[in-house]
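What's counted below: heavy atoms across the whole structure, side chains too, no hydrogens, waters or symmetry copies. Residue numbering restarts at 1 for every chain, and letters A, B, ... go by the order of the sequence lines.
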There are 2 protein chains.
Amino acid sequence: MGRWEPDARERLVRAALDLFSEQGYENTAVAQIAERAGLTKSTFFRHFRDKREVLFGGQDVLAELMTGAIAGAPEDATPLDAVEAALVATAETFTEERRAHGPQRLAVIAGNDELRERSALKMVGFAVAMTDALKRRGVPELEAAVAAELGVLAFNHGYERWLPTGGDFAEVARRTFSEVREAVGKLVSCVGNPPGKSSVG
Amino acid sequence: MGRWEPDARERLVRAALDLFSEQGYENTAVAQIAERAGLTKSTFFRHFRDKREVLFGGQDVLAELMTGAIAGAPEDATPLDAVEAALVATAETFTEERRAHGPQRLAVIAGNDELRERSALKMVGFAVAMTDALKRRGVPELEAAVAAELGVLAFNHGYERWLPTGGDFAEVARRTFSEVREAVGKLVSCVGNPPGKSSVG
DNA sequence: GGAAGTGATGGGACTTGGTCTCATCAACCG
DNA sequence: CGGTTGATGAGACCAAGTCCCATCACTTCC
């Protein structure tokens, strides 16, 4: 594997994923990942900000798709409709190839604190991005924040639901988000809190 | 400052906070923090898992207060009521002394990625804790997750609102959470989505 | 009162993540 | 053919974090 083989980044990701699965994240040195990919530590850090980031590539693309969809949603769309559109807009990145190493990736992340930490930050990033996009539509601060948070929740649940079955993520996202909406409805219309007249307002 | 002065942990926290404010988080070495506290690097890592953690002490106590309040809420309390009780239950930790270095702490965290990452993880921890506590009350998975997420959102907003003014955090939490409830109500009762019959169900 | 034990600390070696700088090499271009 | 560009290799370097062992203050027990 020569110095100028193409797809250095992809090779690094695959090598990292394999090594993390084989021996655990903490027991794998960056130099080892680079070596398996036929590269060096220097090159690794040229492609990824740090060791964690090799598992979280392309998340900024997702955020851009979300904000773009919210900005481009019909003017009469409700905040929740806009958020739903944001989730649907990310479907194009959920390719079959991505699904292939999804479980492996999830397992590695679940087994390490640093990685769960990075994952949490990415989710916060999504929430902030959607909140800002909603605010630019004139949605009040707090409503925007709530809607965005619900969107992130649905996104995560949708992803976990999409992984085993595959298929069109847009559909899964719509279904999951409608369930979240339903859950919200049940929460606010609980006994003692009739809808329309909040008991705490 | 001798070897056996008391309050090593508190001294480390104060030294870290001051140094981070003076020269930035990244420009401050752990050895330097320890030195200012009259201790050594070894001792620092005996008190804190890593450099970040010196700014996030006591968050596990908060999670326990939250879960305890949810578990101990009246049987007929709605999920949202239980979450509100969880926020109120954390009030006892919001002392005036804690408020004193709150802004300093927030500023340091906001200025560094590693720290925002850790903060995000802590919030996810709260959400998971409250979700589990709600599920143990028989609340369905998704509703529990939504309610917990709303709680975390209110907690954060409440904290930022409490910092400048001080006073009883319980009151601030109640007020903030009621505003979140109101926001949720507006979201689900938007034009095109009459409450009671979801347009996407 | 001295000896043994306990728990927190000091100290230093060591690994690894991450940065930085400079040399190298392939491709492209005039 | 020579110069430029861009990605890589190589290695020094610093700081985070781990590990092991010695040290010291305090306690307990004989």
When rounded to whole Å, the CG to P distance for the pair A/Asn27 and D/dT18 reads 13 Å
Polar pairs (N or O, both sides) under 3.5 Å between protein and nucleotides 15-17 of chain C?
{"from": "C/dG17", "atom 1": "OP1", "to": "A/Thr28", "atom 2": "O", "distance (Å)": "3.4"}
{"from": "C/dG17", "atom 1": "OP1", "to": "A/Lys51", "atom 2": "NZ", "distance (Å)": "3.1"}
{"from": "C/dG17", "atom 1": "OP2", "to": "A/Val30", "atom 2": "N", "distance (Å)": "3.3"}

*Side chains of B/Asp81 and B/Thr78: donor-acceptor distance under 3.5 Å anywhere?*
yes
No-H, no-angle donor-acceptor pair, B/Ser42 side chain to C/dG11 base, under 3.5 Å: yes
Next on the checklist: Side chains of A/Tyr159 and A/Thr176, heavy atoms from C-beta outward: is any pair under 4.5 Å?
Outcome noted: no
Of the listed C/dT9, D/dA10, C/dG11, the closest approach to the A/Thr40 side chain comes from D/dA10
B/Glu53 atom CD is separated from D/dG17 atom P, nearest whole Å, by 10 Å
Mind listing the side-chain donor-acceptor pairs of residues 120-135 of chain B below 3.5 Å, one per line with the distance, residues two or more places apart or on another chain?
{"from": "B/Lys122", "atom 1": "NZ", "to": "B/Glu53", "atom 2": "OE2", "distance (Å)": "2.8"}
{"from": "B/Thr131", "atom 1": "OG1", "to": "B/Ala127", "atom 2": "O", "distance (Å)": "2.7"}
{"from": "B/Lys135", "atom 1": "NZ", "to": "B/Glu141", "atom 2": "OE1", "distance (Å)": "3.0"}

Rounded to the nearest 0.5 Å, the CZ atom of A/Phe169 sits from the CZ atom of A/Phe155 at a distance of 5.0 Å
Atom CG of A/Leu39 and atom C1' of D/dA10 are separated, to the nearest Å, by 14 Å
Rounded to whole Å, the CZ-P distance (B/Arg9 to C/dT9) equals 11 Å
Taken to the nearest whole Å, CZ/A/Phe44 to C1'/D/dA7 is 17 Å
Interatomic distance, OG@A/Ser119 vs CD@A/Gln59, rounded to 0.5 Å, equals 7.0 Å
When rounded to the nearest 0.5 Å, the distance separating CD of A/Glu84 from CG of A/Leu80 is 9.0 Å
| query | Do A/Lys51 and A/Phe20 touch side chain to side chain, with heavy atoms closer than 4.5 Å? | reply | yes
| How would you label the contact of A/Arg46 with the nucleic acid (heavy atoms, under 4.0 Å): base, sugar-phosphate, or nothing? | base
Rounded to whole Å, CG of B/Asp7 lies from C1' of C/dA8 at a distance of 14 Å
In whole angstroms, the gap separating P of C/dT19 from CZ of A/Phe48 amounts to 14 Å
Using a cut-off of strictly less than 4.0 Å, decide whether A/His47 has a side-chain nitrogen or oxygen near OP1 or OP2 of D/dA7.
no
Atom CG of B/Leu12 and atom P of D/dA16 are separated, to the nearest Å, by 14 Å
Looking at every strand, decide which applies to B/Thr43 at a 4.0 Å heavy-atom threshold: base, sugar-phosphate, or nothing.
-> sugar-phosphate
